[in-house]
J.: 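Before we start, here is the structure in question, set down as structure tokens.
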Number of protein chains: 2
Amino acid sequence: MNPSTIPIVLIEDNEPYARALEKFFNLPGSAIDCRAIYGSSEQALVEIPKNPPAVALVDINLPGQNGMECIAQLKELYPQLVCLVLTMYEEDHLIFDALRAGACGYLLKRTPPAEIADAIQVARDGGSPMSPHIARQVVGFFHRSPPPKPDHSLTAREQQVLDLLIDGKAYKEIAHDLGVSIDTVRTHVRKVYDKLHIHSRTEIILKFGKKGR
Amino acid sequence: MNPSTIPIVLIEDNEPYARALEKFFNLPGSAIDCRAIYGSSEQALVEIPKNPPAVALVDINLPGQNGMECIAQLKELYPQLVCLVLTMYEEDHLIFDALRAGACGYLLKRTPPAEIADAIQVARDGGSPMSPHIARQVVGFFHRSPPPKPDHSLTAREQQVLDLLIDGKAYKEIAHDLGVSIDTVRTHVRKVYDKLHIHSRTEIILKFGKKGR
DNA sequence: GCGGGCATCGCATGAACATGCGATGCAGGA
DNA sequence: TCCTGCATCGCATGTTCATGCGATGCCCGC
């Protein structure tokens, strides 16, 4: 949308690779303005405050403090800074950790420079660019959770009570919320426990806890 | 990678929209072969087994059974079938539910047909196409989880107790596991509650529950 | 109209939990 | 040495849960 050039920095210790990217970004007519290359997380954290860019491309495997921690600290200082991971690694846990740390996107180094440039614009415009297989892994995270089970044949009322139990409400609150007596709540809870073969609220939350959050 | 045409179906009750897409996909030279349009989930579930496509584009808001359930059932019958959501809705919970149901990607109807065609190929090749803002919402799901916090200044012992509490163990079990008395466990739990400003095991699990799973 | 399923309410008991107060022994820093 | 933080143990009280047993009123299909 915004046609002005986008100021970015690279946090990357592989100098040849970084230089090549920088060169590409700074070609005449490019929408990207690569302002600096920082070879370490520490250097980036010192230099970035002097002239914050709009987007940072961050490698994960950095000397000293790794890219994940770097992103977490940058996001703490500049929540509006858009961080994209740019790495060779595509293991699940690295991807998830990076996203949790605050990364908005995750690109593999094998991505052609032109696509990286596109991704930077997408990210600046509020998107989350990801290499296709990375996206699939992220989506796979959701596939693993099997909560959409309308089975268990709970009655509507029982399901309501269950939901409130999961929210951590006391019987007293549940009774108030549903406008019934506390003993009625007890009865429903009992039925729920019977049907789900569990014996305590703790087990419920461990089984169903915090789903749609 | 595979240059052969990709057989797909549309599950979509907005007939004009579906017809227009079908027309576009079936233009000469297209990589997509749109074989059918099903106006309802029920119809799709009956017809698809007769001639399963590689990819299904599914609307969420369908008459009768909604698209989420449709995807869940299709994936159960044909785990290798690639389902892409194609909808106007972009609420968080719909996105997450769709992905949980088994969708591999999530596109908004405002996406240009050519990009939808690209997305179909990406999906067939193992990627997960998502409209940029959808991707950001998915990524936002990870941002919301704040697990990488080693803060809270819990002592090692308190952390141990906390972990066992989260596992759902009774004080008695915790005492046994740690080789201390139940009253000691009580003391530690109290300290943990104080430091984390909570008042019950339920709150703990709601806050920290099932993280690394 | 009778049997079932469901929602509602009640009582009772024992277990588990939350929390207030107090105490000892040990280590390491001021 | 004294102070502080930590881990340990103890007791007491009140609350919340889990669960067993029983009961009524409503609606629906056979």
Side-chain angles (χ1 to χ4, degrees), chain A residues 147-213, chain B residues 42 64-66 69 146-213:
Chain A
K149 279 194 179 175
D151 86 325
H152 293 322
S153 66
L154 292 185
T155 67
R157 206 52 160 172
E158 287 160 359
Q159 186 62 51
Q160 278 183 305
V161 171
L162 173 58
D163 290 342
L164 293 169
L165 277 176
I166 294 172
D167 284 347
K169 306 235 183 187
Y171 287 7
K172 208 186 293 180
E173 289 179 274
I174 297 175
H176 178 264
D177 286 3
L178 299 183
V180 301
S181 91
I182 200 172
D183 282 303
T184 302
V185 173
R186 263 192 246 286
T187 304
H188 290 310
V189 171
R190 209 173 329 180
K191 299 273 208 73
V192 170
Y193 285 179
D194 282 352
K195 290 186 181 176
L196 304 186
H197 305 106
I198 55 182
H199 312 280
S200 76
R201 171 191 230 114
T202 299
E203 285 180 59
I204 294 185
I205 300 182
L206 286 175
K207 259 200 197 317
F208 302 86
K210 43 168 34 183
K211 36 183 175 188
R213 311 293 161 73
Chain B
E42 291 78 4
Q65 193 186 47
N66 71 36
E69 292 160 19
K149 275 195 179 176
D151 102 314
H152 292 320
S153 66
L154 293 185
T155 67
R157 206 52 159 173
E158 286 160 359
Q159 186 61 53
Q160 279 184 303
V161 171
L162 173 58
D163 289 342
L164 293 169
L165 278 176
I166 294 172
D167 285 347
K169 305 235 185 187
Y171 286 8
K172 209 186 292 179
E173 288 179 275
I174 297 175
H176 179 262
D177 285 3
L178 299 182
V180 301
S181 90
I182 200 172
D183 283 302
T184 302
V185 173
R186 263 191 247 285
T187 304
H188 289 311
V189 171
R190 209 173 331 181
K191 299 274 208 72
V192 170
Y193 285 180
D194 283 351
K195 291 185 181 176
L196 303 186
H197 307 107
I198 54 183
H199 312 280
S200 75
R201 172 194 229 110
T202 300
E203 286 180 58
I204 294 184
I205 300 182
L206 285 174
K207 258 199 190 335
F208 302 86
K210 43 168 36 180
K211 35 186 174 189
R213 312 291 163 74

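Residue numbers start from 1 in every chain, and the chains themselves are labelled A, B, ... in the order their sequence lines are given, proteins ahead of strands.
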J.: What I'd like to find out is whether the side chain of Leu196(A) reaches to under 4.5 Å of the side chain of Leu162(A), using heavy atoms alone.
T.: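 They are in side-chain contact.
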
J.: For Ala170(B) and for Glu158(A), locate the closest nucleotide of DNA chain C by heavy-atom distance; then report the residue assigned to the nucleotide nearer the 5' terminus.
T.: Glu158(A)

J.: Could I get a table of every N or O pair under 3.5 Å where one atom is in the protein and the other is in nucleotides 8-12 of chain D?
T.:
residue: dT8(D); atom: OP1; partner: Arg157(B); partner atom: NE; Å: 3.2
residue: dT8(D); atom: OP1; partner: Arg157(B); partner atom: NH2; Å: 2.7
residue: dT8(D); atom: OP2; partner: Arg157(B); partner atom: NE; Å: 2.9
residue: dT8(D); atom: OP2; partner: His188(B); partner atom: NE2; Å: 2.8
residue: dC9(D); atom: OP2; partner: Ser181(B); partner atom: N; Å: 2.6
residue: dC9(D); atom: OP2; partner: Thr184(B); partner atom: OG1; Å: 2.7
residue: dC9(D); atom: O5'; partner: Thr184(B); partner atom: OG1; Å: 3.4
residue: dC9(D); atom: N4; partner: Thr187(B); partner atom: OG1; Å: 2.9

J.: Can you check the Gln159(B) CD to dA7(D) C1' distance for me, whole Å?
T.: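 Going from Gln159(B) (CD) to dA7(D) (C1'), I get 16 Å.
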
J.: Please find the pair of heavy atoms, one from Thr202(B) and one from Gly168(A), that lie closest to each other, and give the distance.
T.: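 Scanning both residues, the minimum pair turns out to be CG2-CA, 3.5 Å.
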
J.: Would you check if Arg190(B) and Thr187(B) make a side-chain contact, meaning some heavy-atom pair closer than 4.5 Å?
T.: yes

J.: Are any of Tyr193(A)'s side-chain N or O atoms less than 4.0 Å away from OP1 or OP2 of dA18(D)?
T.: yes

J.: How many Å lie between CD1 on Ile174(B) and P on dA7(D), as a whole number?
T.: 15 Å

J.: Nearest whole Å is fine: how far is dA15(C) P from Glu173(B) CD?
T.: 16 Å

J.: Carefully, step by step, assess Leu178(B) and Gln160(B) under the rule side-chain contact (heavy atoms from CB on, under 4.5 Å).
T.: CA-CA 9 Å; Leu178(B) 299 182; Gln160(B) 279 184 303; 4.1 Å; yes

J.: Show each protein N/O and nucleotides 25-30 of chain C N/O combination with a separation under 3.5 Å, one pair to a line.
T.:
none

J.: So which nucleotide from dC17(D), dC17(C), dC6(C) ends up closest to the side chain of Tyr171(A)?
T.: dC17(D)

J.: Whole angstroms only, please: what is the CG-C1' distance between Asp194(A) and dC21(D)?
T.: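 Atom CG in Asp194(A) sits about 14 Å away from atom C1' in dC21(D).
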
J.: Does the side chain of Arg186(B) reach to within under 4.5 Å of the side chain of Tyr171(B), using non-hydrogen atoms?
T.: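 Heavy-atom side-chain distance check passes, below 4.5 Å.
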
J.: Measure the shortest side-chain to side-chain distance between Val189(A) and Leu165(A) over non-hydrogen atoms and say whether it is less than 4.5 angstrom.
T.: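 Touching, per the 4.5 Å side-chain cut-off.
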
J.: When the C1' atoms of the five terminal pairs at each end define the local axes, what inter-axis angle does the helix from dG1(C)-dC30(D) to dA30(C)-dT1(D) show, to 10 degrees?
T.: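 The end axes of the helix from dG1(C)-dC30(D) to dA30(C)-dT1(D) are about 30° apart, to the nearest 10°.
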
J.: Can you tell me how far C1' of dC17(D) sits from CD1 of Ile198(A), to the nearest Å?
T.: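 For the pair Ile198(A) CD1 and dC17(D) C1', the rounded distance is 13 Å.
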
J.: List the atom of Asn66(B), the atom of Glu69(B), and the distance in Å for their closest heavy-atom pair.
T.: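 Heavy atoms only, the tightest pair is OD1-N, 3.0 Å.
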
J.: How long is the span from the CD1 atom in Ile174(B) to the CG atom in Asp163(B), to the nearest 0.5 Å?
T.: 10.0 Å

J.: Drop me the distance from His199(A)'s NE2 to Ile204(A)'s CD1, to the nearest 0.5 angstrom.
T.: 11.5 Å

J.: Val189(B) or Ala156(A): which one's nearest nucleotide on DNA chain C is closer to the 5' end?
T.: Ala156(A)

J.: Under 4.5 Å between any side-chain heavy atoms of Gln159(B) and Leu164(B), yes or no?
T.: no

J.: What are the two closest non-hydrogen atoms of Val161(A) and His188(A), and how far apart are they?
T.: CG2-CB, 3.7 Å

